[in-house]
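Reminder, nothing fancy here: chain letters follow the sequence lines and each chain counts from 1. A quick note: this is a predicted structure, and the numbers were derived from the prediction, not measured.
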2 protein chains.
Amino acid sequence: MTTQPAIPTLEDVATLAEVSTATVSRAINSPGKVAPDTRRRVNEAVAKLGYSPNFGARAMAVRRTMTIGAIIPTMENAIFARGLQAFQDELRTHGYTMLIASSAYRADTEEEQIRSLVARGADALLLIGHHRNPDIYKFLDAQNVPVLVTWAYDPDADRPSIGFDNKAAMQDMAAEVIKMGHRNLALISAETASNDRASARHAGILSAMHEAGLQPDDLHYVETTYGIEEGAVAFEQAIGMMPRPTAVFCGNDVLAVGALRRARELGIQVPDDVSIIGFDDIELAQVAHPALTTVHVPHREMGRLAGLALAQLLGKGIALKPVELRASLVFRDTLAPREN
Amino acid sequence: MTTQPAIPTLEDVATLAEVSTATVSRAINSPGKVAPDTRRRVNEAVAKLGYSPNFGARAMAVRRTMTIGAIIPTMENAIFARGLQAFQDELRTHGYTMLIASSAYRADTEEEQIRSLVARGADALLLIGHHRNPDIYKFLDAQNVPVLVTWAYDPDADRPSIGFDNKAAMQDMAAEVIKMGHRNLALISAETASNDRASARHAGILSAMHEAGLQPDDLHYVETTYGIEEGAVAFEQAIGMMPRPTAVFCGNDVLAVGALRRARELGIQVPDDVSIIGFDDIELAQVAHPALTTVHVPHREMGRLAGLALAQLLGKGIALKPVELRASLVFRDTLAPREN
DNA sequence: GAGGTTAGTGTAAGCGCTTACATATCACTG
DNA sequence: CAGTGATATGTAAGCGCTTACACTAACCTC
């Protein structure tokens with residue numbers, strides 16, 4: 001059994017290139033400060049040894065990582081994928097790297113992930129939604145890690161957010177649905193325990209109902225975990241309630257697609273027998289058949305602006321400012337007026 | 001303007017708790033070695049200061065990170081999400097953390113990501129597919145970072161893989177399709193340039209055709225980038241070729257769903273006018289209408305086994321062994337016999 | 001040709017942590 | 001009660017890197 005060859009370090013490179021470690025460091029990080037010939041020798045040594053700088057050591061010496069952490073509730077089902085992609089692309093143009101973690105919609109896991117990303121030296125964090133344990137915000141302050149909230153917008157929260165008003169968006173949609181004559185409504189909501197967007201969307205419907213003079217009790221409410229199958233099960237439950245709903249709101253498109261499928265399986269016509277409304281406007285919404293009526297979220301714009309804001313904060317010290325984006329209603333084929 | 005409060009370090013905790021840094025370190029990492037009373041004092045100091053250990057410094061001192069890197073081609077569309085989730089879950093039970101990066105199906109980006117994860121101290125790497133620049137494998141050897149390949153299986157490759165035989169799986173499916181009477185075939189393939197799974201699937205179809213006495217020329221071939229819309233466009237192209245194909249294979253379910261949609265838009269009946277076959281069996285496949293006939297990939301099992309293998313390698317020095325899993329055919333509603 | 005730049009390089013301290021080793025206590029044991 | 005072992009803690013070196021500062025040599029400038 002041969003002994004492991006040691007992993008090459010800066011010093012090994014320096015020895016091989018016959019220069020000091022300082023020069024190697026400079027050759028790598030600011031090539032302009034080094035004579036061309038020296039640079040060449042260093043590069044050759046790097047290549048020959050298969051040298052890779054130790055990120056941890058570097059981070060320790062310069063005291064920043066050029067890394068920004070993002071924690072999203074889920075990686076499945078692409079709800080956050082598009083926005084994150086834009087976020088990452090934007091960061092990249094500014095020289096930052098994104099580190100990503102997912103919390104499975106659990107507050108305790110999210111907290112763990114926050115601590116882990118901070119430990120890994122994230123220079124800043126992107127978080128989804130405002131609501132979380134105040135202790136963790138205190139911790140972030142102690143660690144001096146700035147936080148930007150997205151997928152939500154609340155100018156009054158103590159952390160800046162770049163996003164849209166979930167409640168207002170859903171309220172607009174609900175108002176339209178009510179205007180079309182629907183009176184018996186249902187909502188299949190994602191779990192609201194640690195998801196302030198879900199509660200806001202719920203509140204939006206209630207608010208629209210209130211404006212239209214409907215009673216909160218007129219809304220059948222089913223709460224379920226995330227997933228297509230879960231949406232299907234919830235739909236079956238909702239459609240069985242009395243009086244039977246003529247319009248079923250879903251907290252997100254994934255649940256809506258599940259609902260749509262189950263409706264088909266039950267022989268219930270959409271939108272003739274029942275209307276189904278989603279939220280998010282992910283790609284799935286267009287592919288579904290019939291194509292889903294939903295609330296369009298400006299994923300890419302949100303991600304891009306968030307990346308820009310954070311890069312500018314870190315790079316130029318420009319403070320984070322709340323930015324409100326508009327969600328819009330997308331009417332496709334799953335919503336129809338209620339004939340009376 | 002107040003000056004930034006310094007970020008608390010081990011030493012700050014030590015001072016506050018009136019012990020040495022060594023004791024704090026022990027109190028945190030092996031509480032059993034520290035007197036209960038001391039431990040309490042340390043914990044209080046940690047909480048009070050909002051202390052978080054510096055991961056980089058720790059990694060440097062212990063020379064490992066308990067972190068495993070995974071690089072997947074894409075985060076959109078959830079193809080890899082389920083497998084990765086299982087991978088992560090398994091790693092977690094062994095005390096490892098997963099770091100994830102996506103390469104957008106680009107070889108150069110993947111190489112960058114590999115270097116970045118290695119720099120960050122990944123103790124091992126999970127990679128999709130065997131094929132990549134030999135230099136990068138050399139680099140990984142120099143850095144002494146073990147690699148496990150997945151989503152593919154090739155016992156003859158010089159790196160161990162845990163996955164399935166893409167060619168054989170697609171060949172099985174193609175044989176069935178041919179047996180059903182289809183003679184005019186088309187394949188909408190993902191880009192094969194840096195995607196050995198895509199080429200293997202292509203090869204599988206050709207192989208089945210060969211067995212059945214068909215000519216390779218009888219397969220219309222369209223290559224496209226990843227995405228639902230891309231699948232739709234490619235389908236329109238494929239269906240216009242002469243002789244008109246009666247069965248269209250797709251390199252993955254995402255392309256297949258796009259094809260399905262375009263077929264509907266063009267008024268082409270599936271499976272009466274044309275059969276459409278996917279690959280992967282992601283959730284989307286069941287939701288599509290008609291439900292997609294596809295090749296089921298054992299995502300979860302693959303992820304779990306990969307995680308286990310890596311954890312055992314790192315923890316107990318158990319060498320990685322290639323493991324072949326079986327992909328299976330799932331017949332749903334988009335494939336029908338060809339009436340002659 | 002003395003004085004002043006500038007470019008290129010080296011020396012060494014220090015980033016925050018772990019851990020081998022040394023030391024100090026204390027409770028037994030025979 | 002000297003000797004032993006267990007338990008708890010401290011001291012200090014070292015992990016791989018960056019960078020302030022110091023130094024040298026070459027090149028101007030007047």
Protein-nucleotide distance ([X], atom [atom1]; [N], atom [atom2]), rounded to Å:
X: A/R41; N: C/dT9; atom1: CZ; atom2: C1'; value: 11 Å
X: B/L10; N: D/dA12; atom1: CG; atom2: C1'; value: 15 Å
X: A/M60; N: D/dC15; atom1: CE; atom2: P; value: 12 Å
X: A/R26; N: C/dG10; atom1: CZ; atom2: P; value: 8 Å
X: B/E11; N: C/dG16; atom1: CD; atom2: P; value: 9 Å
X: A/R58; N: C/dC17; atom1: CZ; atom2: P; value: 20 Å
X: A/I28; N: D/dG16; atom1: CD1; atom2: C1'; value: 12 Å
X: B/K33; N: D/dA6; atom1: NZ; atom2: P; value: 15 Å

Report yes if a side-chain nitrogen or oxygen of [X] is closer than 4.0 Å to either non-bridging phosphate oxygen (OP1 or OP2) of [N]; otherwise report no.
X: B/T9; N: C/dC15; result: no
X: A/T23; N: C/dG10; result: yes
X: A/T38; N: C/dT9; result: yes

message: Apply side chain to side chain contact (heavy atoms under 4.5 Å, CB included) to residues B/I114 and B/I71 and explain how you reach the verdict.
response: CA-CA 7 Å; B/I114 289 177; B/I71 300 172; 3.4 Å; yes
- prompt: Would you call A/D89 and A/R92 a salt bridge, taking side-chain N to carboxylate O under 4.0 Å as the test?
  reply: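 Salt bridge absent between A/D89 and A/R92.
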field: B/R304/B/E301 ion pair, N-O < 4.0 Å
entry: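 Salt bridge: yes.
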query: Just checking B/S25: base, sugar-phosphate only, or nothing, at a heavy-atom cut-off of under 4.0 Å?
result: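 Base, at least one base atom sits under 4.0 Å.
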- prompt: Under 4.0 angstrom, heavy atoms only, what part of the nucleic acid is A/F55 near: base, sugar-phosphate, or nothing?
  reply: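 Answer is nothing: A/F55 stays at 4.0 Å or more from every strand.
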Candidate nucleotides [options], ranked by approach to the side chain of [X] - the nearest:
X: A/R63; options: C/dT18, C/dC15, D/dC17; answer: C/dC15
X: B/A35; options: D/dA8, D/dT18, C/dT19; answer: D/dA8
X: A/V19; options: C/dG16, C/dG10, C/dG8; answer: C/dG10

Gap separating the CD atom of B/E110 from the OG atom of B/S194, nearest 0.5 angstrom: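 The CD atom of B/E110 sits 7.5 Å away from the OG atom of B/S194.
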query: Which residue, B/E18 or B/A57, contacts DNA chain D at a nucleotide closer to its 5' end, judged by nearest heavy atom?
result: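 That would be B/E18.
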message: Reading DNA chain C from 5' onward, which residue's closest nucleotide shows up sooner: A/P36 or B/N54?
response: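 Checking each residue's closest nucleotide, the 5'-ward one belongs to A/P36.
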query: Starting at the 5' end of DNA chain C and moving along, which residue's nearest nucleotide shows up first, A/G32 or A/A22?
result: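 Looking at the nearest nucleotide for each, A/G32 comes out on the 5' side.
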message: Show, in sequence, the C-alpha distance, side-chain angles and deciding distance for A/D154 and A/S161, and conclude whether the side chain to side chain donor-acceptor pair (under 3.5 Å) test is met.
response: CA-CA 7 Å; A/D154 179 356; A/S161 46; over 6 Å; no
